[in-house]
Amino acid sequence: MTTTTTESTSPPPEPKRDEAEDPPPQEAAAAVAGAGDLDVASLSIKDEEEEEAVSDSNINIQAVTTGETPYSSAATFEQLNLTAALLKGLYVEMKFEKPSKIQAITLPMILTPPHKDLVAQAHNGSGKTTCFVLGMLSRVDPHFERPQALCICPTRELAIQNLHVVGKMGKYTGISSELLVPGIFENDIRNCSPVLAQVVIGTPGTVKKWMSFKKLSVTDIRVLVFDEADQMLDKSLNDCLCSFHQKDGFQDDSLRIMKDIQRFSKGCQVLLFSATFNETVKKFVSKTVKDHNQVFVKKEELSLDAVKQYKVALPDELAKITVIKDRILELGEKLGQIIIFVRTRKSAGMLHRSLTEFGYYVTTLHGALEHGDRDKIVKEFKDGLTKVLISTDVLARGFDQQQVNLVINYDLPVKHGTSEPDYEVYLHRIGRAGRFGRKGAVFNFIMDDWDREVMRKLENYFNAQVAEVPSWDKDEDFEEALKAAGLL
DNA sequence: AAAAAAT
């Protein structure tokens, strides 16, 4: 489980064009003003170039800085005073050319003393991971063998993925990294040797456990990152009266970790990143980190223009399966990889069995599988060995696989026990397609009036037009739709 | 309901 980033890692399939996880090169905008107590700089950022011109024309990212420190948007990585080793990682390993919008804006905020806390929101697939990984790597002292940066993620899949990015970007820095997720060293933690890696990435429960057994020292942590921060700090309060689970979310563990680190490591910088922050979470987050800089995007501007959204009306469950196999999987190699999101583990299994019975090769991921199986299924998918992945929302957030250009919402995401859409989950799911400005499509399956109402609310919330595929029974309609999305 | 994780 310990990986030193200097070790060579097995080379993942290299995406042919542009970078590994960021939007197409774009012109970063004007300077972010900084003086004054609460300075609001609305940055209007224009896209130029890009042959495919898929990107949104004009996105407003609102940056609010506090204090006296002026920040200028970074047009190049050179402007950030990074070490030569780190620059080499960015150019040679990551194949980046220049910072994406969110990177141009947030990196100076992360790297400039006094290293204020930051709450940052940016579109799915726009390069958030690079922001905090670069932040961690550049603030770690490679000659000091103690944990200095810690990143907390909601799922083991995301933690593993982020660890890979750390390894790749930091390949020439000699900085070590380690993964703290369940399923490794599960026998007896008391016999484990303490973590010495400089960058530690993990899930909340395991990290908390290692901290409480004094196997992860937090006294030298300089940067604490919460990936998918809105989820990590969401109360997830169960309003349902019949439920005796008061809280079922990550908030307790996350806050505990944050408080402990802030207590023992004065001046630790907290970085909170996500594509979504609903108003409630935003308010809570602002109270949690004091005197922080922030970067936000309006919700209407969050859904990706490069991803074409569709709805498909269907009479019943059987029709859903028919559409998947006869209208979509039959297209075979013409499509890239596909993720089918379902609401429950059980329906994941059922769909898996039906498609398998019909002779299609699919794999399925959910949280009830054994850790090793989960890792294997994800690896096969990332290596391109499997093409169709059925998944619960375990993979809704953060999962970065550029070859995914089609997402199917077999079930629409709704908040527990209601017909209220889960807006955040919807946005994250569709963000699995169209990584980094690539083209993508989403099919939302609508089976009854409930679904229709959920869909209507989603469209309304994001102010997005979702075209309807005229007939679920016609091959041509789907081909048409996929063509319009730029996939065929 | 799902997610993490511990019981």
Side-chain angles (χ1 to χ4, degrees), chain A residues 150-163 179-190 200-213 215-216 226-240 242-258 274 276 281 339-351 364-375 377-378 389-399 409-429 432 450-451 454:
Chain A
L150 175 61
C151 172
I152 314 287
C153 315
T155 62
R156 72 183 282 115
E157 282 72 20
L158 205 43
I160 292 168
Q161 177 176 288
N162 287 337
L163 187 82
L179 186 65
L180 287 186
V181 298
I184 330 178
F185 281 169
E186 215 38 69
N187 17 17
D188 194 348
I189 190 171
R190 273 159 295 205
V200 179
I201 301 188
T203 46
T206 307
V207 167
K208 202 179 76 169
K209 183 174 166 191
W210 282 66
M211 281 169 61
S212 65
F213 279 88
K215 298 291 185 180
L216 172 64
F226 286 94
D227 195 5
E228 307 300 341
D230 62 320
Q231 187 187 12
M232 304 306 291
L233 293 169
D234 187 11
K235 212 176 333 192
S236 266
L237 207 101
N238 229 333
D239 295 332
C240 179
C242 56
S243 171
F244 50 84
H245 298 110
Q246 281 294 324
K247 295 175 182 179
D248 201 18
F250 293 113
Q251 196 193 55
D252 282 351
D253 286 349
S254 297
L255 284 180
R256 176 72 186 284
I257 291 168
M258 200 191 297
S274 182
T276 51
V281 178
I339 300 182
I340 305 172
F341 282 108
V342 294
R343 200 170 51 89
T344 66
R345 297 165 174 179
K346 202 169 140 198
S347 52
M350 278 164 25
L351 180 58
T364 298
L365 188 77
H366 57 70
L369 302 177
E370 307 227 343
H371 301 307
D373 292 340
R374 283 170 70 165
D375 297 350
I377 286 159
V378 168
L389 183 59
I390 300 167
S391 177
T392 59
D393 284 325
V394 66
L395 230 52
R397 285 169 173 261
F399 185 70
N409 281 324
Y410 189 91
D411 306 302
L412 293 173
V414 289
K415 287 172 188 155
H416 181 194
T418 67
S419 58
E420 190 65 12
D422 195 324
Y423 301 104
E424 284 75 33
V425 169
Y426 180 79
L427 198 66
H428 283 280
R429 281 184 180 186
R432 294 321 99 208
W450 258 52
D451 289 344
V454 170

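Since the structure is predicted, the reported quantities are computational estimates derived from the model, not experimental observations. Order of the sequence lines fixes the chain letters, A, B, ..., with proteins taken first and strands second; residue numbering starts at 1 for each chain.
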(request) Report the residue (A:K346 or A:H371) whose heavy-atom-nearest nucleotide on DNA chain B is the more 5′ of the two. (result) A:K346
Gap between atoms [atom1] and [atom2], on [X] and [N] respectively (whole Å):
X	N	atom1	atom2	value
A:M211	B:dA4	CE	P	20 Å
A:R397	B:dA4	CZ	C1'	14 Å
A:R345	B:dA4	CZ	P	8 Å
A:I257	B:dA4	CD1	P	15 Å
A:F213	B:dA6	CZ	P	9 Å
A:H366	B:dA2	NE2	C1'	11 Å
A:L365	B:dA1	CG	C1'	16 Å
A:R156	B:dA2	CZ	P	19 Å

(request) For the pair A:D422 and A:K415, find out whether any cationic side-chain nitrogen is under 4.0 Å from an anionic carboxylate oxygen. (result) no
(request) May I ask you to say whether A:R156 pairs ionically with A:D375, meaning some side-chain N is under 4.0 Å from a carboxylate O? (result) yes
(message) B:dA3, OP1 or OP2 - any side-chain N/O from A:R374 closer than 4.0 Å?
(response)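 No, A:R374 has no side-chain N/O under 4.0 Å of OP1/OP2 on B:dA3.
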(request) Determine: side-chain N/O of A:T392 to OP1/OP2 of B:dA1, distance under 4.0 Å, yes or no. (result) no
(message) Restricting to side-chain contact (heavy atoms from CB on, under 4.5 Å), what partner residues turn up for A:A229, sequence neighbours left out?
(response) A:F226, A:L272, A:F277
(message) Can a side-chain donor-acceptor contact be found between A:S391 and A:H366 if the only test is distance below 3.5 angstrom?
(response) no
(message) Regarding A:P154, tell me which of base, sugar-phosphate or nothing describes its non-hydrogen contacts under 4.0 Å with the strands shown.
(response) sugar-phosphate
